[in-house]
Amino acid sequence: VYQIYPKSFYDTNGDGLGDLNGVTEKLDYIRELGADYIWLTPFFVSPQKDNGYDVEDYYNIDPRYGTMEDFEELSREAQKRGIKLMLDMVFNHTSSNHEWFQKALAGDERYKNYYIFKKGKEDGSAPTNWESKFGGSAWEYVPEMDEYYLHLFHVKQPDLNWDNPKVRKEVQKVVRFWMSKGVKGFRFDVVNLISKDKFEDDFEGDCRRFYTDGPNIHQYLKELNAESFGQDAEIITVGEMSSTSMENCFGYAGEDSHELSMVFSFHHLKVDFMGNEKWVLVPTDFQKLKDILFSWQIGMAKNHAWNAVFWCNHDQPRPVSRFGDEGKYWKKSAKMLATIIHGLRGTPYIYQGEEIGMTNTDFTDISQFRDVESLNHYEILQQKGLSKEDAFRIIQIHSRDNGRTPMQWNGENHGGFTKGMPWIGVNENYSKVNAQSQLHDETSIFNYYKKLVALRKELDIIAYGDIRPLDVRHPSIIAYERIYGEEKMLVVCNFYKTEVVWDSGMDLKGFETLLGNYSEQKIEESKISLKPYEAMMLYRKR
Ligand code: TEU
Ligand code: CA
């Protein structure tokens with residue numbers, strides 16, 4: 001699956017915002033890469049407080065992105081190229097501009113029950129101490145009602161009340177509407193947060209346990225499945241699971257559980273956090289990364305459940321900057337990271353620009369950032385006593401805007417993204433990092449991704465094989481084996497720039513190289529010598 005953040009993909013009318021026609025124009029590029037699906041992040045009518053994750057009208061397209069005709073054309077053109085579309089459904093919350101919420105505020109009881117309104121505590125303070133993921137209290141006071149409403153995200157993103165059957169019916173209707181437009185895939189935003197448990201203060205944890213993987217979540221997903229996408233066997237679905245547990249994912253993405261096709265979980269990306277705390281600077285814990293990645297690989301396989309596998313999306317920094325090397329080993333490390341993901345058991349997701357090794361932003365001032373989460377936390381960090389410089393450094397490293405700067409198409413002005421002024425700055429490195437220069441270069445990152453995608457389609461072992469991690473305690477190597485009947489595939493990667501000789505402990509005779517980021521692989525008996533960020537996929541028929 002290739003993920004597109006339309007706002008930053010390609011602008012066709014010079015207003016500085018990417019649009020649906022921009023996606024249509026670039027379909028051949030995506031076909032060249034080999035993706036089967038395009039996941040489009042939300043383009044529905046929205047005040048854009050959270051770049052479209054605040055939906056005002058689920059049935060219409062925001063004029064900034066285009067029209068329904070544009071969407072239909074995109075859909076037709078994609079189909080011609082064998083590409084299916086996956087839409088992003090944001091059902092944990094709506095925009096506060098949504099008609100339902102406006103009616104609720106106007107005192108309509110029916111619509112008030114669509115949301116989560118509660119009385120404050122005796123002293124008038126918020127109903128619970130829950131915090132919004134974007135900073136501050138998760139409750140907003142409405143003086144006219146003398147009540148608070150819940151917003152786990154932005155204050156303009158009130159949470160829907162899924163315990164109300166009318167809400168569940170509305171949501172099913174939305175999915176069926178897009179199915180009727182021929183849509184064959186859905187991604188469900190933070191969908192494991194829809195079933196809230198107890199509305200209580202949390203003095204032990206960070207409140208997540210009261211609304212994450214809640215008591216009715218599996219029932220609600222089964223119902224949504226039965227009433228909408230489950231009626232079309234061709235449709236694939238993925239749920240974005242915030243701070244979930246693996247046990248719950250056995251259900252969400254279980255072969256026979258009739259919930260979703262697969263899940264995004266994020267534990268393997270919290271390896272440069274302090275626990276759940278993102279707004280700190282700590283080095284990547286490589287051991288933890290491997291432990292989490294592999295425990296999910298094995299646990300999900302054992303329980304017949306399916307993972308989405310990925311390094312990045314529109315909420316994450318760029319992987320080559322985060323886990324690789326932007327400098328001397330830019331190409332090598334980007335390919336190494338790709339190798340790890342694309343050999344795994346699960347459906348790989350490529351986020352726009354990842355396939356050409358796009359890097360984090362080069363912003364030097366807070367005014368260049370756009371994301372509400374970054375801007376809020378920049379203030380919060382200073383309120384906690386950090387200097388402007390220290391707060392800024394943390395934002396630079398962790399900001400979601402790192403993944404949101406425009407796609408770098410070529411060496412022209414603004415990287416060829418727009419003829420106007422881009423809504424967010426293009427990384428100045430576009431003259432070096434751009435798609436055009438990579439398309440016809442056999443050694444490019446793009447062509448390496450293309451080969452990875454092709455291999456997965458060619459060799460069943462990649463899609464269906466079992467997985468066995470190797471030498472998990474090794475300080476710099478990440479390696480695993482895939483097994484499928486008599487066949488074997490070996491993925492071996494040096495996660496660092498120091499050369500290392502790795503003893504696989506097995507006889508490597510008969511293995512051929514499927515792909516590698518160096519022209520030759522040095523393999524002797526059981527040992528492999530790996531150069532900086534070297535990665536390889538080896539294969540033996542029997
Ligand atoms: O993100 C869910 C989420 O909790 C995090 O990824 C969040 O963006 C943040 O990084 C926590 O530090 C989804 C969408 O992908 C995101 O873009 C939306 O802002 C969010 O839901 C609300 O709809
Ligand atoms: Ca535009």
Side-chain angles (χ1 to χ4, degrees), residues 89-93 128-133 138 150 152-153 159-160 162-163 186-225 237-278 285 287-313 315-316 341 344-347 349 467 469 472:
M89 299 282 121
V90 190
F91 291 144
N92 175 68
H93 42 264
T128 72
N129 66 352
W130 301 2
E131 277 181 21
S132 152
K133 309 238 181 201
L150 179 70
L152 292 180
F153 293 88
D159 280 48
L160 283 166
W162 274 68
D163 294 332
F186 295 100
R187 178 238 187 214
F188 294 100
D189 191 58
V190 290
V191 75
N192 65 324
L193 305 184
I194 57 175
S195 170
K196 273 77 176 177
D197 189 1
K198 297 189 182 73
F199 293 90
E200 286 177 9
D201 278 341
D202 192 355
F203 298 111
E204 283 155 42
D206 53 9
C207 328
R208 290 174 204 243
R209 63 194 166 108
F210 291 127
Y211 55 75
T212 304
D213 300 325
N216 301 320
I217 180 71
H218 295 285
Q219 182 203 321
Y220 293 164
L221 286 176
K222 285 185 210 304
E223 184 186 76
L224 180 60
N225 176 314
T237 53
V238 56
E240 188 202 26
M241 302 302 172
S242 169
S243 304
T244 189
S245 74
M246 211 198 301
E247 289 64 35
N248 274 293
C249 290
F250 300 158
Y252 297 144
E255 199 169 31
D256 300 316
S257 46
H258 302 287
E259 294 181 29
L260 304 170
S261 315
M262 62 190 126
V263 285
F264 290 120
S265 67
F266 295 90
H267 301 284
H268 68 293
L269 294 176
K270 297 186 178 178
V271 292
D272 53 2
F273 285 24
M274 205 126 75
N276 259 329
E277 181 52 42
K278 164 169 165 176
D285 185 337
Q287 190 59 52
K288 192 170 162 191
L289 170 67
K290 286 197 282 183
D291 289 342
I292 295 171
L293 214 50
F294 289 138
S295 69
W296 278 76
Q297 283 283 302
I298 292 168
M300 292 289 274
K302 251 194 201 145
N303 290 278
H304 308 284
W306 198 249
N307 284 308
V309 288
F310 66 104
W311 283 129
C312 56
N313 61 32
D315 295 331
Q316 302 288 332
I341 288 296
L344 290 175
R345 177 183 179 277
T347 299
Y349 283 68
I467 178 151
V472 181

Taking the inter-plane angle between the rings of Tyr252 and His218 on a 0 to 90° scale, is it parallel (under 30°), tilted (30 to 60°) or perpendicular (over 60°)?
-> parallel

Rounded to the nearest 0.5 angstrom, the CG-CZ distance for Leu193 and Phe210 is 14.5 Å

| query | Run the side-chain contact (heavy atoms from CB on, under 4.5 Å) check on Leu152 and His93 step by step: do they pass? | reply | CA-CA 8 Å; Leu152 292 180; His93 42 264; over 6 Å; no

Value for CG (Leu344) from CG (Asn307), rounded to nearest 0.5 Å, stands at 8.5 Å

Find out whether Asp202 and Thr128 are in side-chain contact, i.e. whether some heavy atom of one side chain is under 4.5 Å from a heavy atom of the other. no

- Query: Are Asn248 and Met241 side-chain neighbours, meaning at least one heavy-atom pair lies under 4.5 Å?
  - Reply: no

Would you check if the side chain of Asn225 reaches a backbone N or O of His258 as a donor-acceptor pair within less than 3.5 Å?
-> yes

key: Side chain proximity check, Ile217 to Ile194, heavy atoms < 4.5 angstrom   = yes

Note to self: Any heavy-atom pair between the side chains of Phe188 and Leu224 that's under 4.5 Å?
What the structure shows: yes

For Ala305 and Cys249 the tightest heavy-atom approach is CB-O, 4.0 Å

Side chain to side chain contact (heavy atoms under 4.5 Å, CB included) with Ser242: of Asp213, Val191, Val190, only one passes, and it is Val190

Problem - Worked check of side-chain contact (heavy atoms from CB on, under 4.5 Å) between Asn303 and Met246 - result: CA-CA 10 Å; Asn303 290 278; Met246 211 198 301; over 6 Å; no

Separation between CD (Glu240) and CG (Asp189), nearest 0.5 Å, reads 5.0 Å

Rounding to 0.5 Å, atoms CD1 (Ile292) and CD (Gln287) come to a distance of 10.5 Å

Distance col, row Phe273:CZ vs Phe266:CZ, nearest 0.5 angstrom, shows 10.0 Å

Rounded to the nearest 0.5 angstrom, the CD1-CD1 distance for Ile467 and Ile298 is 7.0 Å

Without swapping roles, check the side chain of Glu259 against the backbone of Gly254 for a donor-acceptor pair under 3.5 Å.
no

- Would a 4.5 Å heavy-atom cut-off, applied to side chains only, mark Asn129 and Cys207 as touching? yes

Is Thr347 reaching over with its side chain to a backbone N or O of Ala308, donor-acceptor style, under 3.5 angstrom?
no

Is any side-chain heavy atom of Ser243 less than 4.5 Å from a side-chain heavy atom of Lys270? yes

Q | Chi angles and distances behind the side-chain contact (heavy atoms from CB on, under 4.5 Å) call for Val309, Trp296 | A | CA-CA 10 Å; Val309 288; Trp296 278 76; over 6 Å; no

Exercise. Any side-chain donor-acceptor pair under 3.5 Å between Asp159 and Asn92?
Worked result: yes

When the ring planes of Trp130 and Phe199 are compared, do they come out parallel, tilted or perpendicular, using 30° and 60° as the limits?
parallel

*asked:* Over 60° means perpendicular and under 30° means parallel, so tell me whether His268 and Trp311 are parallel, tilted or perpendicular.
replied: tilted

task = For the residue pair Asp206 and Glu131, establish whether any side-chain heavy-atom pair is separated by less than 4.5 Å.
result = no

Practice task
Please step through side-chain contact (heavy atoms from CB on, under 4.5 Å) for the pair His267 and Lys288, ending with a clear verdict.
Solution key: CA-CA 10 Å; His267 301 284; Lys288 192 170 162 191; over 6 Å; no

field: Any side-chain heavy-atom pair of Tyr349 and Met262 under 4.5 Å
entry: yes

